[in-house]
Amino acid sequence: MNIDETRLPERDAFQAPGEPGETCLPQSALHREGAPQSAALSPGDSLAGSYIVNEPLGESGKQADVYLAKKDGRSCVIKLYHQGWRPTDQLQSFLTGFRHPNVAHVIENGDHRGRHYEIYEYYAEGTLEQKKQYTPAFIQKVIVPSMNEGLHALHKNGIVHCDIKPSNIFLGENSEKAVIGDCGISGYLGPEGKFIDKIRGTPEYAPRTKTFFGSASMAPAYDYGSLGLVLIRLCTGYSFFGGMSINEIAATWERGIAIPNQISGRLRELVQGLLLEEEDARWGYKEVKRWCENEFIRPADRSLYKKKKADEKPIRPLIFGRFDEVTVSVSTLHQLTLAIHKHWSHVPNLLKRRELSEFLLQFDEDATFAKTAQELARLRDQDAATFQLLYMIEKVDRIHYRGRDFGSLDDFLALLESAAEPDPDVVAFVKSGMFTYYLRLRDADSAQIEALERVIQKDGLNNIAAIKTLCYSLKKKKELQIANQTISTSEDFVDAIAHKTTGEISDLLENGEVIAWLYSIGFQKEILKMSALQEGVS
């Protein structure tokens, strides 16, 4: 067989016979058949100290068990991988820090009794698998734009999902958006914009791709091909390859995909564009976005063996720098952020290089990134310039500053309050204005941010209580825990303290979390009065 022949891989590259719909990792990542599994979670069990299991979500899968759980009264989903299954550390690090409205957020991850777990946001409306068919209008207005933006967010950070299918796509915000979930078997692109590995995903939703002795060349076009097959399922109510064996799927690809007659008009053109055999001709982010904007585009079918178009140039890597006699180069924006985390002090020199602007231009058509980088090079505060560059190219929840990872906003505030002596990096971060810059990136309330800026300018870090109170409001955290009771209203608070002693109430009113919560629900004047009374008693 010609090494460049395009085909589906042999059966064992997908999964064992008789399981055409199962998701698989490369063989090296699988646990041995029959290997003992640690006990599954049961209702009432806790994980990571604060997530309480409610019930299993569906049957146990080959990859993981999934549970509905709660923390502080808020629902979430636990994905507990079976032994031998584990996403890469690089992927886990990205997913826990990355936020995008069309990509499911991994709140945290870790290990539990020898099994890796992920905590996801809970989407009560479920997945696209739970409804047989969707209207063309809903597909055009909600599903396609959401999926296109979600895939683009992953791809520009160097990630191919590899398993796009209805059961991995959630509905959110009252069915006003679709959210891509379950990135556990995703892979990272190499310098050439692809990666070679055992083919991943579910054959029923896998597009045709090139294979090399059982391994496949995976690229963003793979996810868009899967999206085309998903749209057939959503439009018609059935999977195009549903019930077929691997050999039957391969034979159908050989004969050529015939789009079902139920799909017509513009949706038919979209599906045709997404299922073009030639990956370089297959529709991607730009074509789908133009389609969403009602632009007319005709799919251009091409031979699988035709050379790449001259105007499609691969990403030119950026030589980030040389450290300990090792040259570091990056090919994606996410790789650039990782290099910044590791080599923070080198970035001011990088900002002065023309090569950085040229690299950023490849990811940003209107040149906003490149122009901003040139402006940052002129800032006197080099740490502020580096921080703004970092969060311009990848807006994440975790705070990275001066090469340190301060964790989430909650983690940072805890450090800010508990430190016996002010941490120089924390002080610099707050006083430089980057703290409030970070809060604005997270779309915090502008009036609250302005109040915080006034406190910082007036008192620096001397008024920690005021800073914490304002930040508590910014987080919009309207729940409080008192003796294992969740408090969300003033009436709840009164009920919670009704049977407490004067001493216990006094202790509560000296608790920074309680004071901050009362401030956040509008009880500033009452807090001042109670504080005055306490001073009078003492």
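We're numbering straight along the sequence, starting at 1. No experiment lies behind these values; they were computed from the predicted model shown.
A donor-acceptor pair is defined here as one N or O able to donate and one able to accept, closer than 3.5 Å; such a pair exists between the side chain of Thr332 and the backbone of Gln335. Side chain of Arg115 to main chain of Gln83: no donor-acceptor pair is present (N/O by atom type, distance under 3.5 Å, no hydrogens or angles). A donor-acceptor distance shorter than 3.5 angstrom exists from the side chain of Trp291 to the backbone of Arg266, with no hydrogens or angles considered. Between the side chain of Glu293 and the backbone N or O of Arg290, no donor-acceptor pair lies under 3.5 Å. In terms of modelled atom types and a separation under 3.5 Å, the side chain of Ser93 and the main chain of Asp89 share no donor-acceptor contact. Between the Arg268 side chain and the Ile259 main chain, a donor and an acceptor come within less than 3.5 Å of each other. With hydrogens and angles disregarded, no donor-acceptor distance shorter than 3.5 Å links the side chain of Glu394 to the backbone of Tyr391. Between the Arg233 side chain and the Tyr238 main chain, no donor and acceptor come within less than 3.5 Å of each other.
Side-chain contact check for Ile319 versus Glu355: every heavy-atom pair is 4.5 Å or farther apart. Looking at heavy atoms from C-beta onward, Leu154 lies in side-chain contact with Val103 at the 4.5 angstrom threshold. Residues Leu270 and Leu231 have side chains in contact (heavy-atom distance under 4.5 Å, counting atoms from C-beta outward). A heavy-atom distance below 4.5 Å is not found between the side chains of Pro220 and Tyr285. Within the 4.5 Å cutoff, the side chain of Gln90 has heavy atoms near those of the Thr88 side chain. Residues Ile119 and Asn109 are not in side-chain contact: their nearest non-hydrogen atoms beyond the backbone lie 4.5 Å or more apart. You'll find the side chain of Leu275 reaches within 4.5 Å of the side chain of Leu229, heavy atoms only. Here the side chains of Tyr67 and Leu47 are not in contact, with every heavy-atom distance at 4.5 Å or above.
Here Ser146 contributes atom OG and Glu173 contributes atom CD; the two are 9.0 Å apart, rounded to the nearest 0.5 Å. Distance check: Tyr122 OH to Leu57 CG gives 6.5 Å after rounding to the nearest 0.5 Å. Atom OH in Tyr134 sits 6.5 Å away from atom CG in Leu234 (nearest 0.5 Å). How far CG of Leu318 is from OG of Ser329: 8.0 Å, rounded to the nearest 0.5 Å. The distance from atom SG of Cys162 to atom CG of Asp223, rounded to the nearest 0.5 Å, is 6.0 Å. Here Thr368 contributes atom OG1 and Leu360 contributes atom CG; the two are 11.0 Å apart, rounded to the nearest 0.5 Å.
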**OP:** Determine, step by step, whether Leu390 and Trp344 satisfy the side chain to side chain contact (heavy atoms under 4.5 Å, CB included) criterion, reporting the C-alpha distance in whole Å, the side-chain angles of both residues, the deciding distance to 0.1 Å, and the verdict.
**Re:** CA-CA 10 Å; Leu390 179 63; Trp344 184 276; 4.0 Å; yes

Original post:
Stepwise, does the side chain to side chain contact (heavy atoms under 4.5 Å, CB included) test hold for Asp405 with His341?
Top reply: CA-CA 8 Å; Asp405 180 358; His341 294 166; over 6 Å; no

**OP:** Assess whether salt bridge (Lys or Arg N to Asp or Glu O under 4.0 Å) is satisfied between Glu121 and Arg99, documenting all intermediate values.
**Re:** CA-CA 11 Å; Glu121 289 187 58; Arg99 294 301 295 265; 3.3 Å; yes

Subject >> ring-ring contact (aromatic ring centres under 6.0 Å, His included) between His105 and Tyr120, intermediate numbers included >> reply: CA-CA 6 Å; His105 176 51; Tyr120 282 90; 8.8 Å; no

**OP:** Decide yes or no on side-chain hydrogen bond (donor to acceptor under 3.5 Å, both in side chains) for Thr327 and Arg322, but give the supporting numbers first.
**Re:** CA-CA 4 Å; Thr327 299; Arg322 187 171 175 81; 2.7 Å; yes

**OP:** Report the C-alpha separation of Val142 and Glu176 in whole Å, then their side-chain angles, then the decisive distance to 0.1 Å, and conclude whether the side chain to side chain contact (heavy atoms under 4.5 Å, CB included) test is met.
**Re:** CA-CA 6 Å; Val142 176; Glu176 292 182 0; 5.7 Å; no

Original post:
Are Tyr205 and Ser239 close enough, and set up right, to give a side chain to side chain contact (heavy atoms under 4.5 Å, CB included), and what steps lead you there?
Top reply: CA-CA 8 Å; Tyr205 293 101; Ser239 167; 3.6 Å; yes

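No salt bridge links Asp65 with Lys79; every basic N to acidic carboxylate O contact stays at or beyond 4.0 Å. Using a cutoff of 4.0 Å between basic side-chain nitrogens and carboxylate oxygens, Glu295 and Lys289 are not scored as salt-bridged. Taking a cutoff of 4.0 Å between a charged side-chain nitrogen and a carboxylate oxygen, Arg398 and Asp411 do not qualify as a salt bridge. Under 4.0 Å is where a charged nitrogen must lie from a carboxylate oxygen, and between Asp163 and Lys165 at least one such pair does.
Note on ring orientation: taking the six-membered ring where Trp is involved, the planes of Tyr81 and His116 are tilted (angle from 30° to 60°). Note: Phe412 and Phe406 have perpendicular aromatic rings, judged against thresholds of 30 and 60 degrees for the angle between ring planes. Ring geometry, Trp253 versus Phe241: the interplanar angle falls from 30° to 60°, so the pair is classed tilted. Classification of the Phe323-Phe320 ring pair by plane angle, with boundaries at 30° and 60°, yields tilted.
Heavy-atom minimum distance, Val160 versus His155: CA-CD2, 4.3 Å. Counting all heavy atoms, side chain and backbone alike, His161 lies closest to Cys183 at CD2-SG, 3.7 Å. Ile169 and Ala178 make their closest contact through CG2-CB, 4.0 Å (heavy atoms, listed as atom of the first residue, atom of the second, distance). The nearest pair of heavy atoms linking Leu409 to Ile399 is CA-CD1, 4.4 Å. Heavy atoms only, all atoms of each residue included: Gly242 and Glu204 are closest at CA-OE2, 3.7 Å. Between Gln140 and Pro145, the shortest heavy-atom distance links the atoms O-CD, 3.2 Å.
At a cut-off of 3.5 Å, with distance as the only test, a side-chain donor of Glu108 or Tyr51 sits close to an acceptor on the other residue. Residues Tyr224 and Asn148 bring a donor and an acceptor atom of their side chains to less than 3.5 Å of each other. Counted by atom type alone, Tyr222 and Glu279 present zero donor-acceptor pairs between their side chains at under 3.5 Å. Using a 3.5 Å distance cut-off with no hydrogens or angles, the side chains of Gln63 and His82 do not pair a donor with an acceptor. When only modelled atom types and interatomic distance are considered, Thr236 and Gln262 share no side-chain donor-acceptor pair under 3.5 Å. When only modelled atom types and interatomic distance are considered, Gln130 and Glu125 share no side-chain donor-acceptor pair under 3.5 Å.
The ring of Phe94 has its center closer than 6.0 angstrom to the ring center of His334.
Seen from the ring of Phe138, Lys141 does not count as a face-on cation partner, given the 6.0 Å and 45° thresholds.
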